[in-house]
*Asks:* 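Take a look at the following structure, please.
These numbers come from the heavy atoms of this one structure, side chains and all, not from hydrogens, waters or symmetry mates. Sequence lines set the chain letters: A, B, ... in the order given, protein chains first and strands last, and positions in each chain run from 1.
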Amino acid sequence: MKTKEDAEPGSSSPEDHERTRDPGNTASRLERIRHSCAHVLAQATKERFSETGTVHIATGPPTETGFYYDFELPRPVVPEDLEWIDQRVKEILSEGHAFVRSEVDESSAREIFANEPFKQEILDGILAGNLDDNGVHSDGGPPVLSTYTHSSFVDLCAGPHVDNTDEISPDAVKVLNAAGAYWRGDEKRPMLQRIYGTAWETREALDHFLWQRSEAERRDHRKLGRELDMFMFDQSAPGMPYWLPNGLCVLNRLLDFSRTEHEKRGYQEVSTPLVNEKSLWETSGHWEHYVDNMFVIPIDEHRTYGVKPMNCPSAMIIFNRRTWSYRDLPLRLSDLDVLHRHERSGTLQGLLRVQSFRQDDAHIFLAESDIGEELGRIFEIIELFYSTFGLEYRLRMGTRPSSFLGDVNTWDHAESALKHILDESIGGDRYVIAEGDGAFYGPKIDIIMRDALDREWQMGTVQLDFQLPRRFGCSYVKPDGTRDTPVVVHRAIYGSLERFLAVLLEHTAGALPPWLVPCHVALLPVRTEHTEPAKNLVAELSEASLCARVMEAAEGSIGARVREARLARIPYILVLGDREASGGTLAVRLREGGEIRDIERSDAISRMHRTLIERHRTTDVAFADLLGNGQADH
RNA sequence: GCCGGUGUGGCGCAGUUGGCAGCGCAGGCGACUUGUAAUCGCCAGGUCGUGGGUUCGAUUCCCACCGCCGGCUCCA
């Protein structure tokens, strides 16, 4: 993903994506182009496969960057098919076919699509007054059935489309890849073949999109993790990262930041067992609702242990060790332990989706009346953290899922409490609601970010829980001497540190904020005789908390060593020759570009130090006044 | 879990009618002592993901399993 600073002019923002999702007549020109391309793709695919056997078409909507169409095909799609289809799509586009809309009644629709079982099912849905996949509303009136025909292809479709395929530039369209997709997104229904394509208004826009994709590959955190020697995986532990010295250093600095800021805000850190006996997970409800995601360890015929996928049950145990007064609340227990969640095979993705990870987790026990104020404090922390890293996020509220604990009234109450707070502190337009996306014990608000390939990921989360404290019999003494059950807020700011670091790496293309990296300064003595002065400088730098590494003359030419330091994304490169060894000055080359020669030694050191303690995201902020105009802003 | 692809030294890749496995980078050693993105030479390194099968012989053909990649489903 691109950071705000280097986003290409004209590139689409998430807000644009939201806008283009509008169904109906307000569809943008691009959306009509893409939707039309989906039909052309379906025509080409039918042509390709109908000799082999029966082709059934399902649905083919536009997407944020293109389109796809789902089919049931007589055989798997091979790369040669995609090539052929790509050529054929371009050919059809250039033939100048009109898209003709017709409104039809049920019986003729049934007849036109007599051999299309998926279309029949869509018809059932529309006639039953539901939304169909293309966004047709029944609007209370009689459902409108429409077809769009171009060339030999007719589809049940609400549109809209371009008037004629000649409005679409064939060299702005490309068929990309094939993948499986369940019919109606339901894993119990047939697996269809989905063919993806991308379409733009101009060839330049297509080229730009393809360029962005290759850029994203360059920024892929898995690639950067290897190059920077930060983490690795082994076949024997799928989805469980090995943290190497460079990576663990970054991880620890992220944790340090979290610990420092939370300590200031009254959080107390605890650490709890990695595995607990099954009965604990039964009490918490995990055994019933989450066991598929747990690593389960049978010890003998009487005992079974579960590796913790969450810290919350242990937090309840800690709370229950003594009697609490209302004066003790809110009690804020943070927990940075490693969690394990068993994932279905085929779902793992580098650090973005792992089976073992750390969370900057905390459980806050509080009186119901304090929820609003406490959530306000949590949102302040979120804002501090994400602005420190310059990351943009959006919020998503998840409501009661199908598998849940407790009673519906309590849920409704919790949901409206969260919604009220969101509306008040965030504003109704800055979050979306995802029905059924809550945790099984309570509704939640998630922080959502995008990776290099624009895929969305859940980062931090704030969850309201009325269930677990009740199930564990938690209580505190109120001012009147009676007891009450506290509410628990589960919250994580980074979310998974693994996932957070992955997104941060992709946003920064590996150039992490200097305060996070293991080595701040590369010292390059010009000749062997400059090694000694360089080593003295290392000591001086370390007094300013700057970690420096000497890359000796024997390691290669200055050019070679500069290259190596650049590839390692070391924030500052200092070349030390006769001038620097004798005088009191340094030559500082900044990772973000720009070089300052003959800067007074203590001045340079204090500027670099400032970059760390002020947590700048780039090296150039502290040197802005020494660089040319505007350089500091890039 | 499902669909498709893929798996060759640390990394990136070659390797077809099945016949003793190659290149670049990285690494080690030696020389070079260098002013801002690659100095030169030599050397070492692989049970070709794992297990079966076919064959006189399998990296190559077949089957199963595992990992990885892209989707779907699920989710921090």
Side-chain angles (χ1 to χ4, degrees), chain A residues 68 70 73 75-79 81-82 176-196 217 220 222-223 226-227 229 232-239 290 292-293 309-310 339 341-361 398 401 437 439 444 446-449 453 455-461 463 490 492 494-500 502-503 522 524-531 552-567 573-580 587-589 595 597:
Chain A
Y68 65 80
D70 287 347
L73 299 173
R75 62 170 173 81
V77 180
V78 296
D81 295 326
L82 292 175
L176 295 173
N177 58 303
Y182 297 108
W183 167 235
R184 293 263 150 121
D186 183 343
E187 62 181 321
K188 292 183 189 69
R189 313 211 53 188
M191 169 72 64
L192 307 177
Q193 305 282 326
R194 175 172 296 178
I195 299 178
Y196 283 96
E217 216 168 290
D220 188 315
R222 291 168 294 202
K223 197 175 152 111
R226 249 197 314 276
E227 286 170 6
D229 210 24
M232 56 175 275
F233 291 91
D234 183 78
Q235 290 208 8
S236 65
Y290 208 76
D292 289 347
N293 281 293
M310 301 180 193
L339 303 175
R341 294 187 189 173
H342 176 256
E343 299 291 349
R344 299 162 80 171
S345 67
T347 59
L348 304 177
Q349 291 223 27
L351 291 183
L352 285 166
R353 184 76 184 276
V354 290
Q355 295 199 113
S356 79
F357 60 100
R358 270 160 251 243
Q359 261 187 338
D360 57 336
D361 201 7
D437 258 5
K444 59 177 186 170
D446 294 328
I447 302 169
I448 310 293
M449 292 186 55
L453 284 173
R455 294 176 293 209
E456 291 201 324
W457 295 96
Q458 175 181 330
M459 311 301 291
T461 183
Q463 310 180 346
H490 308 241
Y494 295 127
S496 150
L497 271 100
E498 281 73 2
R499 180 176 287 179
F500 186 86
V503 171
L524 279 52
V526 172
R527 289 188 305 281
T528 313
E529 68 209 71
H530 302 121
T531 302
E552 299 197 30
E555 290 178 45
S557 65
I558 292 287
R561 284 177 280 158
V562 166
R563 179 171 187 272
E564 200 184 318
R566 300 272 307 153
L567 289 175
I573 299 174
L574 272 54
V575 174
L576 236 104
D578 292 333
R579 297 158 64 96
E580 292 76 18
V588 181
R589 177 168 166 161
E595 190 190 352
R597 302 226 177 169

*Asks:* Between protein and nucleic acid, restricted to nucleotides 59-64 of chain B and to nitrogen or oxygen atoms under 3.5 Å apart, what atom pairs and distances do you find?
*Replies:*
none

*Asks:* Strictly under 3.5 Å: I want the nitrogen or oxygen pairs between protein and nucleotides 2-12 of chain B, one per line.
*Replies:*
{"unit_1": "B:rC2", "atom_1": "O4'", "unit_2": "A:Y182", "atom_2": "OH", "d": "3.3"}
{"unit_1": "B:rC3", "atom_1": "O2'", "unit_2": "A:Q193", "atom_2": "NE2", "d": "3.4"}
{"unit_1": "B:rC3", "atom_1": "O2", "unit_2": "A:G180", "atom_2": "N", "d": "3.1"}

*Asks:* Ignoring hydrogens and geometry beyond distance, is the side chain of A:R353 in donor-acceptor contact with the base of B:rC74 at under 3.5 Å?
*Replies:*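 Side chain to base: pair found, below 3.5 Å.
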*Asks:* Checking all strands, does A:D437 fall into the base, sugar-phosphate, or nothing category for heavy-atom contacts under 4.0 angstrom?
*Replies:* nothing
*Asks:* Do A:E343 and A:L348 come close enough that some side-chain heavy atom pair is under 4.5 Å?
*Replies:* yes
*Asks:* Categorize A:R194 for me: base, sugar-phosphate, or nothing, with a 4.0 angstrom heavy-atom threshold over every strand shown.
*Replies:*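 The residue A:R194 makes sugar-phosphate contact but no base contact.
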*Asks:* For A:F357 and B:rA76, do the ring centres fall under 5.5 Å apart while the planes stay under 30° apart?
*Replies:* yes
*Asks:* Categorize A:Y196 for me: base, sugar-phosphate, or nothing, with a 4.0 angstrom heavy-atom threshold over every strand shown.
*Replies:* sugar-phosphate
*Asks:* Could A:R184 and A:D186 be called an ion pair, given the rule that one side-chain N must be under 4.0 Å from one carboxylate O?
*Replies:*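 No, A:R184 and A:D186 are not salt-bridged.
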*Asks:* Which sits closer to the 5' end of RNA chain B, A:D220 or A:V354, going by the nucleotide each is nearest to?
*Replies:*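 Here A:D220 is the residue nearer the 5' end.
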*Asks:* Using only heavy-atom distances, decide whether a donor-acceptor pair under 3.5 angstrom links the side-chain of A:Q463 to the base of B:rA76.
*Replies:*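 Looking at the base of B:rA76, it does not pair with any donor or acceptor on the side chain of A:Q463 (distance under 3.5 Å).
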*Asks:* At under 4.0 Å, does any side-chain N or O of A:R455 touch on OP1 or OP2 of B:rG71?
*Replies:* yes
*Asks:* Among B:rG67, B:rC69, B:rG35, which nucleotide sits nearest the side chain of A:R579?
*Replies:* B:rG35
*Asks:* On a whole-Å scale, what distance lies between the P atoms belonging to B:rG71 and B:rA14?
*Replies:*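 After rounding to an integer number of Å, I get 22 Å for this pair.
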*Asks:* Return a single string for nucleotides 36-42 of chain B, one symbol per nucleotide in 5' to 3' order, where B is base contact, S is sugar-phosphate-only contact and - is none, cutoff 4.0 angstrom on heavy atoms.
*Replies:* BBBS---
*Asks:* Would you kindly compare A:Q349 and A:L352 by the position of their nearest RNA chain B nucleotide and give the one closer to the 5′ end?
*Replies:*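 So the residue in question is A:Q349.
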*Asks:* Quick one: label A:L576 by what it contacts on the DNA or RNA (base, sugar-phosphate, nothing), any heavy atom closer than 4.0 Å.
*Replies:*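 No contact.
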*Asks:* With sugar-phosphate meaning primed atoms plus P, OP1 and OP2, does A:K223 contact a base, only sugar-phosphate, or nothing at under 4.0 Å between heavy atoms?
*Replies:* nothing
